[in-house]
Amino acid sequence: DLIRLHYLVTSRKVTTILEFGVGKSTVVFNHALEHNKIKFRDFVQKNLRRSHPFECHSVDNNEKWIEVTKSSNPSMKNVTFHYCPCFVSNFNDRICTLYDNVPNICPDLIYLDAPDQYSPTGDIRGISTNSPDRVPMAADILTFEHFLLPGTLIVVDGRTANARFLETNLQRNWIYNYYKEYDQHFFELCEKP
């Protein structure tokens, strides 16, 4: 999985990553972005409107896990960590979870691997994800879908119910693929620039 993520970043020449859930993937994204920075920095600076080139913004609601990741990998210069509490909310009258404060960036790759189902606080009419009978259901991507640029790739690691929720609610021209052998879902925004 980690090798595949590195390959996606380098082969697609990704400049900005939004990652939901810090961990080993964060380290991989840092390395892949450094590779892209060395190869494409001049081109990006001269030709693209990118306010956050070669940056990974990693969002997590677990401060301890952010600190563990930071302290285990102190040389990650391409990563900005964002502690963001998450809560139960709704999107189009569907119960889901949202982070309290997502970074104001325009990513060309989004990696969805958090939050877990037990972390979000609160409930809607008594329903929450904090139950062994529930599944994670993050809706953050849906709230800023219309700001994303053509070519944006969303990778959902596992979380099949969450990927189906995204597929049902995304409104633009996304091509969706599920790879059972990897248990990963891919959404690519296929529109003309």
Side-chain angles (χ1 to χ4, degrees), residues 1-60 65-66 68-82 84 99 102-115 138 140-142 144-145 147-160 162-163 166-167 170 172-193:
D1 285 352
L2 296 174
I3 292 169
R4 186 176 319 102
L5 291 175
H6 193 281
Y7 176 77
L8 284 171
V9 173
T10 56
S11 66
R12 295 175 64 89
K13 302 174 185 168
V14 169
T15 62
T16 308
I17 299 170
L18 176 58
E19 175 187 37
F20 292 100
V22 303
K24 292 179 182 173
S25 56
T26 311
V27 178
V28 168
F29 288 145
N30 178 70
H31 185 272
L33 285 171
E34 186 63 27
H35 176 272
N36 287 358
K37 185 191 302 184
I38 291 166
K39 288 185 80 171
F40 307 114
R41 177 186 336 202
D42 291 340
F43 177 84
V44 169
Q45 288 175 342
K46 293 175 185 174
N47 299 292
L48 300 180
R49 187 177 69 189
R50 303 300 290 164
S51 298
H52 300 277
F54 311 109
E55 294 180 7
C56 174
H57 290 262
S58 295
V59 173
D60 207 299
W65 190 238
I66 290 172
V68 166
T69 304
K70 277 180 169 178
S71 63
S72 301
N73 307 280
S75 64
M76 289 196 296
K77 57 186 174 183
N78 301 309
V79 177
T80 302
F81 293 93
H82 301 268
C84 301
Y99 281 98
V102 176
N104 189 21
I105 62 170
C106 187
D108 45 342
L109 187 141
I110 301 171
Y111 183 62
L112 179 60
D113 194 24
D140 301 275
I141 296 166
L142 299 172
F144 56 79
E145 174 192 5
F147 291 105
L148 298 174
L149 298 175
T152 298
L153 180 69
I154 301 169
V155 180
V156 182
D157 196 358
R159 305 172 69 97
T160 298
N162 201 158
L166 292 176
E167 182 184 22
L170 288 166
R172 293 171 68 188
N173 189 28
W174 295 89
I175 294 178
Y176 166 72
N177 286 295
Y178 172 61
Y179 294 93
K180 185 177 182 179
E181 62 273 21
Y182 312 139
D183 194 22
Q184 286 186 326
H185 306 261
F186 297 86
F187 298 84
E188 184 173 16
L189 183 52
C190 292
E191 296 174 343
K192 291 184 179 180

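We use all heavy atoms of the structure for the numbers below, so side chains are in, but hydrogens, waters and symmetry mates are not. When a residue number appears, it is its place in the shown sequence, counting from 1.
Here the closest non-hydrogen pair linking Cys190 and Asn173 is O-ND2, 2.6 Å. Contact detail for Pro115 and Ala138: the closest heavy-atom pair is CD-CB, 4.0 Å.
Other residues, nucleotides and ligands place no more than 12 heavy atoms under 6.0 Å from the CG atom of Asn104. For NE2 of His6, the number of neighbouring non-hydrogen atoms (other residues, nucleotides, ligands) closer than 6.0 Å is greater than 12.
At a threshold of 4.5 Å between non-hydrogen side-chain atoms, the residues Val79 and Phe29 do not count as touching. Inter-residue side-chain proximity for His31 and Val28 is flagged as unmet; no heavy-atom pair is nearer than 4.5 Å. Taking the side chain as every heavy atom from C-beta outward, Tyr176 and Leu170 never approach each other to under 4.5 Å. For the pair Val102 and Leu18, the minimum side-chain heavy-atom distance is below 4.5 Å. Using a 4.5 Å heavy-atom cutoff, the side chains of Leu149 and Leu189 are not in contact. In this structure, the side chains of Phe40 and Leu48 stay at 4.5 Å or more apart for every pair of heavy atoms. The side-chain heavy atoms of Leu8 and Leu153, taken from C-beta on, include a pair separated by under 4.5 Å.
Taken to the nearest 0.5 Å, the OG1 atom of Thr160 stands 5.0 Å off from the CG atom of Asp183. For the atom pair Ile17 CD1 and Thr80 OG1, the distance stands at 11.5 Å (nearest 0.5 Å). Distance check, rounded to the nearest 0.5 Å: OH of Tyr99 to CG of Asp60 gives 5.5 Å. Note that CD1 of Ile141 and CG of Asn162 are 8.0 Å apart. Values are rounded to the nearest 0.5 Å. To the nearest 0.5 Å, atoms CG (Leu5) and CG (Leu109) are separated by 8.0 Å. The distance from atom CG of Asn177 to atom OH of Tyr182, rounded to the nearest 0.5 Å, is 11.5 Å.
A salt bridge (Lys or Arg N to Asp or Glu O under 4.0 Å) check over residues 8-27, counting only residues at least two apart or in different chains, returns the pairs Arg12-Glu188. Sorted by first then second residue, the salt bridge (Lys or Arg N to Asp or Glu O under 4.0 Å) pairs that include residues 25-34, not counting sequence neighbours, are Glu34-Lys37, Glu34-Lys77. For the salt bridge (Lys or Arg N to Asp or Glu O under 4.0 Å) condition, the pairs that include at least one residue of residues 172-181, sequence neighbours left out, are Arg172-Glu191. Pairs passing the salt bridge (Lys or Arg N to Asp or Glu O under 4.0 Å) check and including a residue from residues 43-53, sequence neighbours excluded, read Arg50-Asp108.
Listed by chain and residue number, His57 satisfy the ring pair (Phe, Tyr, Trp, His ring centres under 6.0 Å) test with His82 (two or more places apart in sequence, or in another chain). With sequence neighbours excluded, no residue forms a side-chain hydrogen bond (donor to acceptor under 3.5 Å, both in side chains) with Asp113.
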Review point. After noting the C-alpha distance and the side-chain angles of Cys56 and Asn78, does the key distance pass the side-chain contact (heavy atoms from CB on, under 4.5 Å) rule?
Key: CA-CA 6 Å; Cys56 174; Asn78 301 309; 5.7 Å; no
Check your understanding: Checking side-chain contact (heavy atoms from CB on, under 4.5 Å) for the pair Glu55/Ile105: CA distance, chi angles, key distance, verdict?
Key -> CA-CA 10 Å; Glu55 294 180 7; Ile105 62 170; 5.5 Å; no
Review point. Checking side-chain contact (heavy atoms from CB on, under 4.5 Å) for the pair Leu112/Leu166: CA distance, chi angles, key distance, verdict?
Key: CA-CA 11 Å; Leu112 179 60; Leu166 292 176; 3.9 Å; yes
Point to revise | Intermediate values then yes/no, side-chain contact (heavy atoms from CB on, under 4.5 Å), Phe187 and Val156 | key: CA-CA 8 Å; Phe187 298 84; Val156 182; 3.9 Å; yes
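The backbone N or O of Thr69 sits nowhere less than 3.5 Å from a side-chain atom of Ser72 that would complete a donor-acceptor pair.
With His185 as the partner, the ring-ring contact (aromatic ring centres under 6.0 Å, His included) test is satisfied by one option alone out of Trp174, Tyr178, Tyr111, Tyr179: Tyr178.
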